[in-house]
Amino acid sequence: MTQQFETSFKRIETKYIIAKENLPKVIKDLKNYLVEDDYPTSTISNVYFDTEDFDVIQDALAKQNRREKIRMRTYLENPQSDSQVFLEIKSKDEDGVGHKYRLVSNSHSITQLLTLGKIDETITDTKLVEEIRQLRHRYDNGLKPRMYIYYDRFSMKERKTNLDLPCSKVRVTIDQNLTYRDELVSLFHGNTGKPLLEDDSVIMEIKAAGRKPQWLQTILDKHGLVEQKFSKYSCAYHKSQGLDYAPRPNQESVGNLYV
């Protein structure tokens, strides 16, 4: 049986930086409401596509267009040339809600699509192909593999409940051992690179269709966790260019509201 994958997402994503020594206590409280995901542990390798001068990420930082990020992702520890990988385009609307669209193919086909506009039999999502066409037209100086980012992930999802209450579909991911490199930007050169965060820190991300439920905000408050403005790709870009970058409290987000 062919495994089915969700190809479009609309959700509010909020990030928190947690000291590793505090992580077990946070997870213990979360597990009163969450269970481990179907595949709770994974290794994630990403290749971000951009222009030679990083025009895509610079436009995103300037809040131009829809703040797109274009990446190729695999969950395999040692991917091969014919391994299944995802092409994902992330963007944000005017309300700060994140949208993600993806298709499943292989590394060669996705790279050919993004760099040359070539479409083969594995590329069947016409809507996403049109999105790529528009991006390639906007960045007519050429998209190319520009940054590699790797991390280990632990995932949890909301428990099913028999209560007659709407489910907020909360999902929580915790990423650690983050590394990046702007050389040998490929899925096939291992996961070596420079550290993206301090060794004693991890990133927790909350993904929800709407506002956070009360129980979740209570846990965040209990552990003194404040939403941070942080982007893995933006951080890697700044570090690769010798520029300062650090997580900072998000003063504009609605993510701290709850229902």
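Because the structure is predicted, anything quoted here is derived from the model rather than measured.
With a 4.5 Å cut-off on side-chain heavy atoms, Leu34 and Glu158 count as touching. Ile206 places a side-chain heavy atom less than 4.5 Å from the side chain of Val170. The shortest side-chain heavy-atom distance between Glu88 and Tyr101 does not fall under the 4.5 Å cut-off. No side-chain heavy atom of Tyr39 sits under 4.5 Å from any side-chain heavy atom of Ser155. Residues Val56 and Tyr237 fail the side-chain proximity criterion, which asks for heavy atoms closer than 4.5 Å. Within the 4.5 Å cutoff, side-chain heavy atoms of Glu36 are placed close to those of Phe154. Inter-residue side-chain proximity for Val26 and Tyr16 is flagged as unmet; no heavy-atom pair is nearer than 4.5 Å. Contact check for Asn106 versus Ser81: no side-chain heavy atoms found under the 4.5 Å cut-off.
To the nearest 0.5 Å, the span separating NZ on Lys144 from OG1 on Thr111 amounts to 12.5 Å. Remark: Leu103 CG to Ile110 CD1 distance equals 5.5 Å, nearest 0.5 Å. Within the model, atoms CG of Leu23 and CD1 of Ile174 stand 4.5 Å from one another, a figure rounded to the nearest 0.5 Å. Expressed to the nearest 0.5 Å, how far OG1 of Thr43 lies from CG of Asp152 amounts to 6.5 Å. To the nearest 0.5 Å, the span separating OG1 on Thr122 from NE2 on His108 amounts to 9.0 Å. Interatomic distance, Tyr180 OH to Met147 CE, rounded to the nearest 0.5 Å: 7.0 Å.
In this structure, a donor-acceptor pair under 3.5 Å is present between the side chains of Tyr48 and Arg71. No hydrogens or angles considered: a donor-acceptor pair under 3.5 Å links the side chains of Tyr148 and Ser45. Side-chain N/O atoms of Thr51 and Asp53 include no donor and acceptor closer than 3.5 Å. Side-chain N/O atoms of His223 and Asp29 include a donor and acceptor closer than 3.5 Å. For Tyr233 and Asp50, the side-chain atoms include at least one donor-acceptor pair closer than 3.5 Å.
Of the possible polar contacts, none joining the Glu68 side chain to the Ser91 backbone as a donor-acceptor pair under 3.5 Å is found. A donor-acceptor contact shorter than 3.5 Å links the side chain of Thr74 to the backbone of Leu76. Looking at His238, its side chain does come within 3.5 Å of a backbone N or O of Ser234 through a donor-acceptor pair.
Between Arg67 and Ala60 the shortest heavy-atom distance is CG-O, 3.4 Å. Shown here for Ser240 and Phe54, the closest heavy-atom pair between the two residues is OG-CZ, 4.4 Å. Between Pro247 and Phe230, the shortest heavy-atom contact is CG-CD1, 3.5 Å. Among all heavy-atom pairs drawn from Lys31 and Met156, the shortest one is CG-SD, 4.0 Å. Across all non-hydrogen atoms, the minimal contact from Ser107 to Val85 is N-CG2, 3.4 Å. Closest approach of Asp125 to Leu128, counting heavy atoms only: OD1-N, 3.0 Å.
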Report the C-alpha distance between Ile44 and Tyr75 in whole Å, list the side-chain angles of each, state the deciding distance to 0.1 Å, and finish with yes or no for side-chain contact (heavy atoms from CB on, under 4.5 Å).
CA-CA 5 Å; Ile44 301 180; Tyr75 297 88; 3.7 Å; yes
With side-chain contact (heavy atoms from CB on, under 4.5 Å) as the test, would you mind laying out the steps for Ile70 and Leu87 before giving the verdict?
CA-CA 8 Å; Ile70 311 161; Leu87 166 61; 4.3 Å; yes
Please evaluate residues Asn250 and Lys15 with respect to the criterion side-chain contact (heavy atoms from CB on, under 4.5 Å), reporting the C-alpha separation (whole Å), side-chain torsions for both, the decisive distance (0.1 Å), and the verdict.
CA-CA 9 Å; Asn250 188 356; Lys15 298 184 178 76; over 6 Å; no
Verdict with supporting geometry, Asn32 and Trp215, side-chain contact (heavy atoms from CB on, under 4.5 Å)
CA-CA 10 Å; Asn32 289 323; Trp215 63 261; over 6 Å; no
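Lys20 NZ: more than 12 foreign heavy atoms inside a 6.0 Å radius.
Both cation-pi conditions hold for Lys232 and Tyr151: the charged atom is under 6.0 angstrom from the six-membered ring centre and inside a 45 degree cone around its axis. For the pair Arg73 and Phe86, the cation-pi criterion (under 6.0 Å, within 45° of the ring axis) is not fulfilled.
For the side-chain hydrogen bond (donor to acceptor under 3.5 Å, both in side chains) test with Gln134, the passing option among Arg138, Arg136, Glu130 is Glu130; the others fail. Between Val172 and the choices Asp37, Leu30, Ile27, the side-chain contact (heavy atoms from CB on, under 4.5 Å) rule is met once, by Leu30.
Annotation: side chain to side chain contact (heavy atoms under 4.5 Å, CB included) contacts of Arg248 (sequence neighbours excluded): Lys229.
If you chain together hydrophobic residues whose side chains sit under 4.5 Å apart, Leu61 and Ile149 fall into the same group.
Salt bridge annotation for Lys90-Glu13: present, with a cationic side-chain nitrogen under 4.0 angstrom from a carboxylate oxygen.
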Would you mind writing out the side-chain donor-acceptor pairs for residues 183-205 within the sub-3.5 Å range, not counting sequence neighbours?
unit_1, atom_1, unit_2, atom_2, d
Ser186, OG, Phe188, N, 3.0
Glu205, OE2, Lys207, NZ, 3.2

